[in-house]
Amino acid sequence: MDPAAMFTDADAAALYDLLNPWDPGRRPGDAFYHGLVMAAGSVLDVGCGTGAMLHHARGEGHAGRLVGLDPDRASLARARRREDVEWVAGTAADAAGQGVVELATMTGHAFQCLVDDDDLRTSLAAVNGALCPGGRFVFETRHPQARAWEEWRPSNATAVIDWSGRELRVCHEVESVADDVVTFTESVLGPGGGVLHVARAVLRFLDPPALDAFLAGAGFTVEARYGDWHRGPVTGESVEIVTVARRDQRAAPSPSTTTATPTAEAPAPAAL
Ligand SMILES: C[S@@+](CC[C@H](N)C(=O)[O-])C[C@H]1O[C@@H](n2cnc3c(N)ncnc32)[C@H](O)[C@@H]1O
């Protein structure tokens, strides 16, 4: 790490937005979610990060309840720049305490941050508990068959000019691949090549059968499954697994780590 250089967690959140601008006009994944969000009366975005999706929805005239939930304080501080959206510090396991919504989302592969089985079960049950009967949970996860992590190497670094005109490079390096769990680092390098910031991440790559078993166990029915952002099927070439899961009409399993339960039930949302 270059001790002379300052690169804060707030800078890392700003860099995330620079590298991943929310733009439904240009990015098919953003367009996919934007349509769902605008059609839903209320939305909980789990793992909302810097809040760009809900910022955009409100800016485009969404008039209903919008809630962003994320454990990362620096990202949430950025999200809070827009005050007409509710922002909550917490993990997916805290979702059931946020009231009842028609649509829950996990975008930007946030779902893959749920790594161990217990956290997956607790988190999915909590998201289920945040939905009205018939409400949808929509998220994407990278298909393990595409082995995305094989591209995560320093030679594939991304160059970017930051807000102060510095040329930075962002590079990834895999530490381990153990079954379906990949551990890697993301490093930000300054103009002279010095390391400004390092973040370590652990992601799980579930295949469709494993995903569906977790969803069924948490009270979801898979309503639609896509292999791309244009609603094509999952094939042997798919890079993404996009899932639309509907909360079963039966009572959701109660999340073990949350005490709050929804007190009001919103009407079931319209079909997608
Ligand atoms: C790659 S970012 C995606 C952010 C945003 N959804 C987007 O589309 O740009 C993943 C986010 O998941 C959040 N996260 C990590 N663990 C989580 C958990 N257990 N529950 C909810 N969110 C989590 C991180 O803090 C981070 O903001």
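This structure is a prediction, so every number in the text was calculated from the model and none was measured. Counting starts at 1 for both ligands and their atoms, in listed order.
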Can Tyr33 and Glu140 be said to form a side-chain hydrogen bond (donor to acceptor under 3.5 Å, both in side chains), step by step?
CA-CA 10 Å; Tyr33 282 110; Glu140 88 282 3; 2.5 Å; yes
Pair His55, Trp87 - check ring-ring contact (aromatic ring centres under 6.0 Å, His included), show working.
CA-CA 11 Å; His55 283 198; Trp87 305 110; 5.5 Å; yes
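Here Arg200 pairs with Glu175 in a salt bridge; the nearest charged N to carboxylate O distance falls below 4.0 Å. In summary, Asp84 and Arg82 engage in a salt bridge, as defined by a charged side-chain N under 4.0 Å from a carboxylate O.
Below 30°, between 30° and 60°, or above 60°: for Phe111 and Phe137 the angle between ring planes is between 30° and 60°, a tilted geometry. Using a 30° and 60° split on the angle between ring planes, Trp152 and Phe184 fall in the tilted class, from 30° to 60°.
When heavy-atom distances to ligand 1 are checked against 4.0 Å, the residues falling inside are Tyr16, Gly47, Cys48, Gly49, Asp70, Pro71, Asp72, Thr91, Ala92, Thr107, Gly108, Ala110, Cys113, Leu114, ordered by chain and number.
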